[in-house]
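Below: one structure, written as structure tokens.
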Protein chains: 2
Amino acid sequence: MTLESSNPTSSRSPKMDANGERDVLTRLRTDIISSVFEPETRLKFADMKTRYNVGIGTLREALSQLSSEGFVTVEVGKGFRVAPVSAEELIEITDHFITLEKRALREAIEHGGEDWETNIVAVHHRLSLIEGLPWERRMERHSEWVERHREFHESLVAACKGKWLFRLRSLMFDQLDRYRFVTKRAPDGLGGKKSEEHCEIMNATVARDADLACELIEKHIRDTSDRAIRLL
Amino acid sequence: MTLESSNPTSSRSPKMDANGERDVLTRLRTDIISSVFEPETRLKFADMKTRYNVGIGTLREALSQLSSEGFVTVEVGKGFRVAPVSAEELIEITDHFITLEKRALREAIEHGGEDWETNIVAVHHRLSLIEGLPWERRMERHSEWVERHREFHESLVAACKGKWLFRLRSLMFDQLDRYRFVTKRAPDGLGGKKSEEHCEIMNATVARDADLACELIEKHIRDTSDRAIRLL
DNA sequence: AATACGATTATTTTCGAAAATATAGGAAAT
DNA sequence: ATTTCCTATATTTTCGAAAATAATCGTATT
């Protein structure tokens, strides 16, 4: 069995269309997360149609799903907008995410098997390849880093029993990602620190030290969120 | 200011279409919650189109939203199905809901004003009008009871600060509702007990006794869920 | 019998035209 | 100048036809 096939079912399947392009739902979500559209921006069908090269119906479907996920707001008869952001909301999302992530992590540590462990190490390695790069290179591949970072955190909790626990924590993670993005530009010099933290989290998790892993991950998330709050 | 206009913004707006009919998303969700379709049933567009008298695109939009909410599953190229149910999932949903509802209730008790209080009393009264009926009458108006019961629980936490807290707890409430429905037929004789519990919960909440209110509501939810688990 | 293949049917998915609705602009009335 | 009403424009929303895909069934081959 290859590592690839042992991958836990991901919350977001790749969903490539016939041409090998990511589908419009995924692309739109990525664009909102990475602030291609400012908060409150109207998402007109005419524009979106040309931008993503899909029909109106397909767009509506994607947009209404994103409204369920909280990325866009909808006012009947007046279309869709990118959801607003606020420091207050970031604080709340951070809080929920930490609670859920810690619960999920404990469950995963309790139930995870060898495949789960192995996957964590593999995914972490891919992440570290980018995090080890000098600042400029890292920035070039930022969108890739975002994806690897998401995969890493997901791999940690992939073995958690609760389906809804996983689902809710993933919902909150994606929301956090959007906020995390505002800190992208700041040339922190924290790259190294973050990379170290990821390593420590991985070690504690694989060593099945739930208390330590939870403590580390809480601090890790809280730190980055606090940074984002100050920049908001 | 009338009571009606002081109503807190509901998570689910009525969304009537031009003819005064509830929209397809709402109707479909209600039908799934109330087990009109068995779990795992395929939801074919041809059938749904005639049943709800809407176009295919509109249906797709509704169905993909319901998949975000967890009511239907989707397999690309093979359409939509009613999500499965299991005792295991019910246990998990109950657990999440209790956690969220208690947090939300504390926040609401802390921040709620006179409008919030008044609305609770009003909505509770409407609920009690049905719950006071003899068993047979109650069964006739069961779907109405479901709606009133939803409104009652929502009114309790309506003043909670956290938008996402409210959102997540509503998500879980709707899922619970689906499971709650399997207990409909059972002629329990618990109607009176439930009605009493609702009254006590209201009293504790309006009296701002957060500890008591949380204790009562936890017991209230746990009891009904346990009943449902046994019947599953 | 079992398998593989191709043709037929059933179903989903995509798309843009048409209907419904909201917005903007401009003339008339106060 | 402000409001009201009508017209023109812009935008959303709905719908079913057409394309793409999956399932079914019968026939041929081993």
Side-chain angles (χ1 to χ4, degrees), chain A residues 12-32 36-84, chain B residues 12-32 36-84:
Chain A
R12 279 209 230 131
S13 34
K15 273 179 192 162
M16 307 298 191
D17 80 358
N19 322 331
E21 269 192 9
R22 314 230 309 296
D23 75 0
V24 63
L25 172 61
T26 309
R27 292 216 289 151
L28 203 34
R29 180 166 36 213
T30 304
D31 285 347
I32 291 173
V36 170
F37 309 110
E38 295 287 301
E40 313 269 17
T41 307
R42 281 198 58 186
L43 298 168
K44 298 190 208 176
F45 288 98
D47 302 345
M48 298 294 115
K49 207 164 93 72
T50 61
R51 181 176 228 278
Y52 296 105
N53 201 43
V54 292
I56 293 175
T58 310
L59 265 173
R60 259 196 90 78
E61 192 185 325
L63 284 168
S64 65
Q65 267 205 254
L66 290 173
S67 84
S68 288
E69 295 176 19
F71 286 114
V72 311
T73 59
V74 52
E75 212 174 341
V76 284
K78 297 169 75 176
F80 298 83
R81 293 173 171 277
V82 177
Chain B
R12 279 210 230 131
S13 36
K15 275 180 190 161
M16 307 296 190
D17 81 357
N19 322 332
E21 268 191 11
R22 314 229 311 295
D23 75 0
V24 63
L25 172 60
T26 308
R27 293 216 288 150
L28 204 34
R29 179 165 39 212
T30 304
D31 285 346
I32 291 173
V36 170
F37 308 112
E38 295 287 302
E40 312 269 18
T41 308
R42 280 197 59 186
L43 298 168
K44 297 190 207 175
F45 287 98
D47 303 345
M48 299 294 114
K49 206 163 93 72
T50 61
R51 180 176 229 279
Y52 296 106
N53 200 42
V54 293
I56 294 176
T58 311
L59 264 173
R60 260 197 89 79
E61 191 185 325
L63 285 167
S64 65
Q65 267 203 254
L66 290 174
S67 85
S68 288
E69 295 175 20
F71 286 113
V72 311
T73 59
V74 52
E75 211 174 341
V76 285
K78 296 169 76 176
F80 297 83
R81 291 173 171 277
V82 177

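In what follows, chains carry the letters A, B, and so on, assigned in the order in which the sequence lines appear, proteins first and then strands, with residues in each chain numbered from 1.
If you take CZ of A:F45 and C1' of C:dT14, they are 15 Å apart, rounded to a whole angstrom. The distance from atom NZ of A:K49 to atom P of C:dT14 is 14 Å, rounded to the nearest whole Å. Atom pair A:Y52:OH and C:dT14:C1' shows a separation of 18 Å (rounding to whole Å applied). One interatomic measurement links the two molecules: CG of A:N53 to C1' of C:dG16, which rounds to 13 Å at whole-angstrom precision. A straight line from CG of B:L43 to P of C:dT11 spans 13 Å, rounded to a whole angstrom. For the pair B:D23 CG and D:dT14 C1', the interatomic distance rounds to 13 Å; values are reported in whole Å. The CD-P distance, from B:E75 to C:dT12, rounds to 12 Å in whole Å. Here D:dT12 presents its P atom at 9 Å from CZ of A:F80, a figure rounded to the nearest Å.
Of the charged side-chain nitrogens involved, none lies within less than 4.0 Å of a carboxylate oxygen, so that B:D47 and B:R42 do not count as a salt-bridged pair.
B:S64 places a side-chain N or O within 3.5 Å of a backbone atom of B:R60 that can act as its donor or acceptor partner. Judged by distance alone, the side chain of A:T58 and the main-chain N or O of A:V54 form no donor-acceptor pair under 3.5 Å. With hydrogens and angles disregarded, no donor-acceptor distance shorter than 3.5 Å links the side chain of B:R81 to the backbone of B:T73.
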Would B:L63 and B:F71 count as a side-chain contact (heavy atoms from CB on, under 4.5 Å) if you check the C-alpha gap in whole Å, the side-chain angles of each, and the deciding distance to 0.1 Å? CA-CA 9 Å; B:L63 285 167; B:F71 286 113; over 6 Å; no
Determine, stepwise, if the pair B:K49 / B:I56 fulfils side-chain contact (heavy atoms from CB on, under 4.5 Å). CA-CA 7 Å; B:K49 206 163 93 72; B:I56 294 176; 3.7 Å; yes
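A heavy-atom distance below 4.5 Å is not found between the side chains of A:M48 and A:F80. With a 4.5 Å cut-off on side-chain heavy atoms, A:L66 and A:E69 count as touching.
Phosphate contact (OP1/OP2 of D:dA23, side-chain N/O of B:K78, threshold under 4.0 Å): present. Between B:R42 and C:dT12, a side-chain N or O to OP1/OP2 separation shorter than 4.0 Å is present.
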Between the protein and nucleotides 5-10 of chain C, which nitrogen or oxygen pairs are less than 3.5 angstrom apart?
none

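With no hydrogens or angles considered, no side-chain donor-acceptor pair links A:Y52 and A:D23 at under 3.5 Å.
If you check residues 54-61 of chain B against DNA chain C, the residues with a heavy atom closer than 4.0 Å are B:I56, B:R60, listed by number.
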